[in-house]
Amino acid sequence: GEYVEKACSFVEGWGGGDYWYRGVCSDTFQLLPSLFRNLDENVSLYANQTRFLKAAYYITLSDPTLWSNQAKGIAEHTCLLQHYGMPTSLLDFSSDMLVALHFALNPDDPTDQKKVDEYIYQPKVVLFNPLVYNEAVLSLSKGDFVPNPENISPVLFDAYDNVVSEYFVHNMSPEYLIETSRDLKNYVPNPRIDKYPRPLVIRRSNSRILAQSGTFLAYNLMAKPQKEAEEPYLYLALESIQQEYKKLLQEKGREPKSKDFLKEIYINPFGVPKIKKELQTMKISTARMYPELYRGFGEYMQKISSDTEK
């Protein structure tokens, strides 16, 4: 209906192509990965991600085939964690606009779901253009507008290239974790040197990833927290990056075809029940999105929450 028409009009405005979608249950939420909401701020992002990866390995010791048969390599392991509720440095999107709409109206957290159902939250779907995003990152790093070269995809596939070694855990030794955690509190964000996330498609080797048509932005685990900031990684939220890009374009007097790599479609809260029924009719449901393994990781995250509250 109206949602699909609006999404298609945005896509046409961008000139067609492959775009990504993310459902967000509240328009107050920033576009940052779950790892940033579950941080021990005394250690690095890298050390935090390693902590959750080790926990996942321990939880699944009784199923040794999980990591070899379903997911091969650290990128797929991290992707698997993301889709089963463990905090990661991946921000997940979908290549399916209806799947994104489902998640906007059906958040995982029961408290968030209650606020959607009671019309307190304003749900939205965010559209993401990897091509314009790459232009933004190239331009911010250069200090002037840099067009993405034609016919060159900005999306990384899997993660077998050395260029993404900073985006995934590759060394779990205590010595390395201590080394990455040095000098955390002195960083002042600078668009020329900030460590930006990268668009990434990982092999859909797991039923949940396949069902959700999952794609990702991988955040750099070597990124530093902003000095004396209440939200130390907010400068890496996609909204913040887009704002910095527009500021640069204005300063340089540049007018590219599109300044926005993010576009938003707001969902009328009072129309949510009707939309949910329509999605059910199209077989877009929670049961389809969440086949299997959820409970083990969910119990671990409940324990983390309980320990934090004590």
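The analysis underlying the following values was restricted to heavy atoms, covering all of them including side chains, and did not include hydrogens, waters or symmetry mates. When a residue number appears, it is its place in the shown sequence, counting from 1.
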- Item | Side-chain donor-acceptor contact under 3.5 Å, D109 with Q113 | no
- Query: How would you list, by chain and number, every residue that makes a side-chain hydrogen bond (donor to acceptor under 3.5 Å, both in side chains) with S26, sequence neighbours excluded?
  - Reply: T28
- If only atom types and distance count, is the side chain of T88 paired as donor or acceptor with the main-chain N or O of T78 below 3.5 Å? no
- Query: Heavy atoms, side chains only, cut-off 4.5 Å: are L248 and S139 in contact?
  - Reply: yes
- Query: Does the side chain of D92 reach to within under 4.5 Å of the side chain of W20, using non-hydrogen atoms?
  - Reply: no
- Determine which pairs satisfy ring-ring contact (aromatic ring centres under 6.0 Å, His included) with at least one residue from residues 237-261, sequence neighbours left out, and list them in order. Y133-F261
- Do Y46 and H170 have ring centres separated by under 6.0 Å? yes
- Closest approach of I267 to I275 (non-hydrogen atoms, all atoms of both residues): CG2-CD1, 3.6 Å
- Message: Which heavy atom of P199 sits nearest to which heavy atom of L217, and what is that distance?
- Response: N-CD2, 3.3 Å
- Message: Using the ring centroid of each side chain, check whether F128 and Y19 are separated by less than 6.0 Å.
- Response: no
- Just wondering, do Q82 and S34 contact through their side chains at under 4.5 Å, heavy atoms? yes
- Message: Using the rule ring pair (Phe, Tyr, Trp, His ring centres under 6.0 Å), only one of F36, Y167, Y196 pairs with Y219; which is it?
- Response: F36
- Message: Would you say N148 and E135 are linked by a side-chain donor-acceptor pair, where the criterion is simply a distance under 3.5 Å?
- Response: no
- Item | Basic-acidic side-chain contact under 4.0 Å: K224, D194 | no
- Message: On a heavy-atom basis, which atom in L140 and which in R192 lie closest, and how many Å separate them?
- Response: O-CD, 3.2 Å
- Item | Closest non-hydrogen atom pair between M172 and K54, with its separation | O-NZ, 3.4 Å
- Message: Rounded to the nearest 0.5 Å, what separates atom CD in E264 from atom CG in L262?
- Response: 7.0 Å
- Query: Hey, mind stepping through N129 and F10 against side-chain contact (heavy atoms from CB on, under 4.5 Å) and telling me if it holds?
  - Reply: CA-CA 10 Å; N129 185 328; F10 281 154; over 6 Å; no
- Taking all heavy atoms of Q49 and all of V169, pick out the closest pair and write down the distance. CG-CG2, 3.8 Å
- Task: Please check if the side chain of R22 supplies one atom and the backbone of A104 the other of a donor-acceptor pair under 3.5 Å.
- Result: no
- Message: Given 3.5 Å as the limit, does a donor-acceptor pair link the side chain of D260 with the main chain of K263, or not?
- Response: no
- Donor-acceptor side-chain pairing of N171 and S173 below 3.5 angstrom: yes
- Query: So does E228 have more than 12 non-hydrogen atoms from other groups sitting under 6.0 Å from CD?
  - Reply: no
- Item | Within-4.5 Å side-chain heavy-atom neighbours: L221 and L35 | yes
- Message: With side-chain contact (heavy atoms from CB on, under 4.5 Å) as the criterion, how do K246 and Q250 come out once you've worked through the C-alpha distance, each side chain's angles and the decisive distance to 0.1 Å?
- Response: CA-CA 6 Å; K246 287 183 173 181; Q250 184 175 18; over 6 Å; no
- Below 4.5 Å, heavy atoms only, C-beta onward: do N190 and I193 meet side chain to side chain? yes
- Message: Less than 4.5 Å apart, side chain to side chain, heavy atoms only: is that true for I265 and Y3?
- Response: yes
- Item | Exceeds 12 heavy-atom contacts within 6.0 angstrom, atom NZ of K274 | no
- Close aromatic pair by centroid cut-off 6.0 Å: Y121 and F29: yes
- With S240 via side-chain contact (heavy atoms from CB on, under 4.5 Å) - residues at least two apart: L234, A237
- Query: Salt bridge between D40 and R51, side-chain N to carboxylate O under 4.0 Å?
  - Reply: no
- With a 4.5 Å heavy-atom cut-off, do Q243 and E239 have their side chains touching? no
- Should L200 and T215 count as side-chain neighbours, where that means a heavy-atom distance under 4.5 Å? no
- Message: How close do V155 and P130 get, counting heavy atoms only, and between which atoms?
- Response: CG2-CB, 4.0 Å
- Query: Thinking salt bridges, do K6 and E2 make one under a 4.0 Å N-O criterion?
  - Reply: no
- Item | Interatomic spacing from CG in L53 to CG in L81 - rounded to 0.5 Å | 6.0 Å
- Message: Classify the ring geometry of Y235 against Y187: parallel below 30°, tilted from 30° to 60°, perpendicular beyond 60°.
- Response: tilted
- Side chain S141, main chain L138, donor-acceptor under 3.5 Å: no
- Rounded to the nearest 0.5 angstrom, the CG-CG distance for D117 and D112 is 11.0 Å
